[in-house]
Amino acid sequence: MPPAQEWGRAQQMQRVAEKNSSEQQVPTGLTVSDLLQNPDFPQVLQAGARTLIAVNDLYPRVARLVASHQKWMLTQAAYSLHHERDVSNPESGITAARLLKLMRETGGASRNTAAAFLAELVAYKLLQPASGGRTRRARPLEPAEISETAMRLWFKSQISTLDLLDNGRRVERTEADGSIFQRAQPLAARRLLSDSRWTAPPKGVAIFVWSESGGVILDDLMTRVSDFAAVEGKVWVDVSLAKFAEHYLISNTHVRRIFAKAEAAGFLGKAPDGRRGRLWLSAQLIEEYLSWQAVKIEALASAFDQATELSL
């Protein structure tokens, strides 16, 4: 497709993404309300979390550099700029100025944080100078191959969750047409970045996801729940904080700090008999996690449908 048409398509997607969320179509059964009423939703999220952890394990270096919620938002914002790039316009795509503008609009990060984040990704060769030229004013960047592969796997892990919920064929369709990912990712990212339910997680979730690797630890915790029906406001899990630290390449001190903060806030606690590795998670933390994840699933479902409509 000629550059002008590609740019026109990108602008069309951006306009769609910027519509009020109430105006965006979401497949039946995949709205936040529908998801939270679906008795299979917790187990499907567990399957999705296991897939996401597997992606994390395949690319631990990439995962560590996007391990907090703030870095997740910065990464998704950067990728949306990349997918909306017009190769004939060197000032489009991922530039520091454009990322700063997008994050300023959403309140997701300060100027210094966004600039430092881009510099870090360049230093670790996860971003590289974009092909197609540069100007004195703009030095566009693009994802390196390892970053592109990791992001595509992330996207596939997420839409596989959608497929489990409604027996869809999104993964199959995306594998057959890679451009679906290029169209859907910026739609989902911009929608989530404009939704305070996602950008400002509820208190219990926030304790985890604003910390480095806390999000994947929370996902891991949820995969360990055998029965989501709380008894006296609690569900029980078996964990090893030392193994969390080893698995996710973080310090024991950092893991213990996250859990201590969550315990102090009443979101988890130790077994009364002092049994080592036995913890309870509060019903409130479970509910917050399900509600927060439902916002993401709804956005992805809407973005996928819009992306496939644009390809017709």
Whether the side chain of [X] engages the backbone of [Y] through a donor-acceptor N/O pair (distance < 3.5 Å, no angle test) should be reported.
| X | Y | answer |
| --- | --- | --- |
| R98 | G93 | yes |
| T51 | S157 | no |
| E263 | G269 | no |
| S80 | A77 | yes |
| E212 | A67 | no |
| E288 | V205 | yes |
| S251 | H254 | yes |
| R85 | E142 | no |
| T149 | I146 | no |
| Y248 | D57 | no |

Given salt bridge (Lys or Arg N to Asp or Glu O under 4.0 Å), test K156 with D163 step by step and report yes or no.
CA-CA 10 Å; K156 188 184 296 186; D163 285 350; over 6 Å; no

Criterion salt bridge (Lys or Arg N to Asp or Glu O under 4.0 Å) on R190 and E84, from CA distance to verdict:
CA-CA 12 Å; R190 286 182 175 274; E84 294 164 355; 2.8 Å; yes

For [X] and [Y], does a side-chain donor sit closer than 3.5 Å to a side-chain acceptor?
| X | Y | result |
| --- | --- | --- |
| S302 | Q306 | yes |
| S179 | R183 | yes |
| H83 | Q185 | yes |
| D219 | Y289 | yes |
| K296 | Q158 | yes |

Determine, stepwise, if the pair V62 / Y124 fulfils side-chain contact (heavy atoms from CB on, under 4.5 Å).
CA-CA 9 Å; V62 177; Y124 283 92; over 6 Å; no

Could you walk me through whether D220 and R224 satisfy the salt bridge (Lys or Arg N to Asp or Glu O under 4.0 Å) test, starting with their C-alpha distance in whole Å, then the side-chain angles of each, then the deciding distance to 0.1 Å, before giving a yes or no?
CA-CA 7 Å; D220 197 323; R224 298 166 186 266; 2.8 Å; yes

Euclidean distance, [Y] [atom2] relative to [X] [atom1], rounded to 0.5 Å:
| X | Y | atom1 | atom2 | result |
| --- | --- | --- | --- | --- |
| F244 | N252 | CZ | CG | 12.0 Å |
| E232 | S282 | CD | OG | 14.0 Å |
| T174 | I159 | OG1 | CD1 | 3.0 Å |
| N38 | D34 | CG | CG | 8.5 Å |
| S213 | L249 | OG | CG | 8.0 Å |
| L268 | K234 | CG | NZ | 11.0 Å |

State yes or no: do [X] and [Y] share one hydrophobic cluster built from I, L, V, M, F, W and Y residues joined by side-chain heavy-atom distances below 4.5 Å, directly or via other members?
| X | Y | result |
| --- | --- | --- |
| V237 | F208 | yes |
| W280 | L241 | no |
| Y59 | V122 | yes |
| M151 | L58 | yes |
| V255 | L221 | yes |

Is the W72-W198 ring centre distance short of 6.0 angstrom?
yes

For a salt bridge (Lys or Arg N to Asp or Glu O under 4.0 Å) check, start with the C-alpha distance between E120 and K71, then their side-chain angles and the critical distance, and finish with the verdict.
CA-CA 11 Å; E120 186 176 32; K71 289 183 176 180; 3.7 Å; yes

Minimal non-hydrogen separation, [X] against [Y], with atom names:
| X | Y | answer |
| --- | --- | --- |
| G204 | L285 | C-CD1, 3.7 Å |
| A188 | A303 | N-CB, 3.5 Å |
| L35 | L30 | CD1-O, 3.7 Å |
| P143 | Q128 | O-NE2, 3.9 Å |
| Q46 | V225 | NE2-O, 2.7 Å |
| A294 | L36 | CB-CD2, 4.2 Å |

Does atom [atom1] of [X] have more than 12 heavy-atom neighbours from other groups under 6.0 Å away?
| X | atom1 | answer |
| --- | --- | --- |
| E246 | CD | no |
| R169 | CZ | no |
| F228 | CZ | yes |

Please tell me if the side chains of [X] and [Y] come closer than 4.5 Å, counting only heavy atoms from C-beta onward.
| X | Y | result |
| --- | --- | --- |
| R276 | K270 | no |
| P202 | W292 | yes |
| L45 | M222 | no |
| D177 | I180 | yes |
| V32 | R197 | yes |
| V235 | D227 | no |
| F267 | K261 | no |

Using side-chain contact (heavy atoms from CB on, under 4.5 Å), reason through Q76 and L192 one step at a time and then give a plain yes or no.
CA-CA 9 Å; Q76 295 291 335; L192 288 170; over 6 Å; no

Any salt bridge linking D273 with R275? Criterion: basic side-chain nitrogen under 4.0 Å from a carboxylate oxygen.
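Salt bridge: no.
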
Partner of Q70 under side chain to side chain contact (heavy atoms under 4.5 Å, CB included), chosen from T199, T113, T75, V209
T113

Check the pair I297, L165 against side-chain contact (heavy atoms from CB on, under 4.5 Å), reporting the backbone distance first and the verdict last.
CA-CA 10 Å; I297 296 301; L165 285 163; 4.0 Å; yes

Go through it in stages, so that I can follow the logic: the residues are W236 and V231, the test is side-chain contact (heavy atoms from CB on, under 4.5 Å), and I'd like the CA-CA distance, side-chain angles, deciding distance and then a yes or no.
CA-CA 9 Å; W236 293 89; V231 177; over 6 Å; no

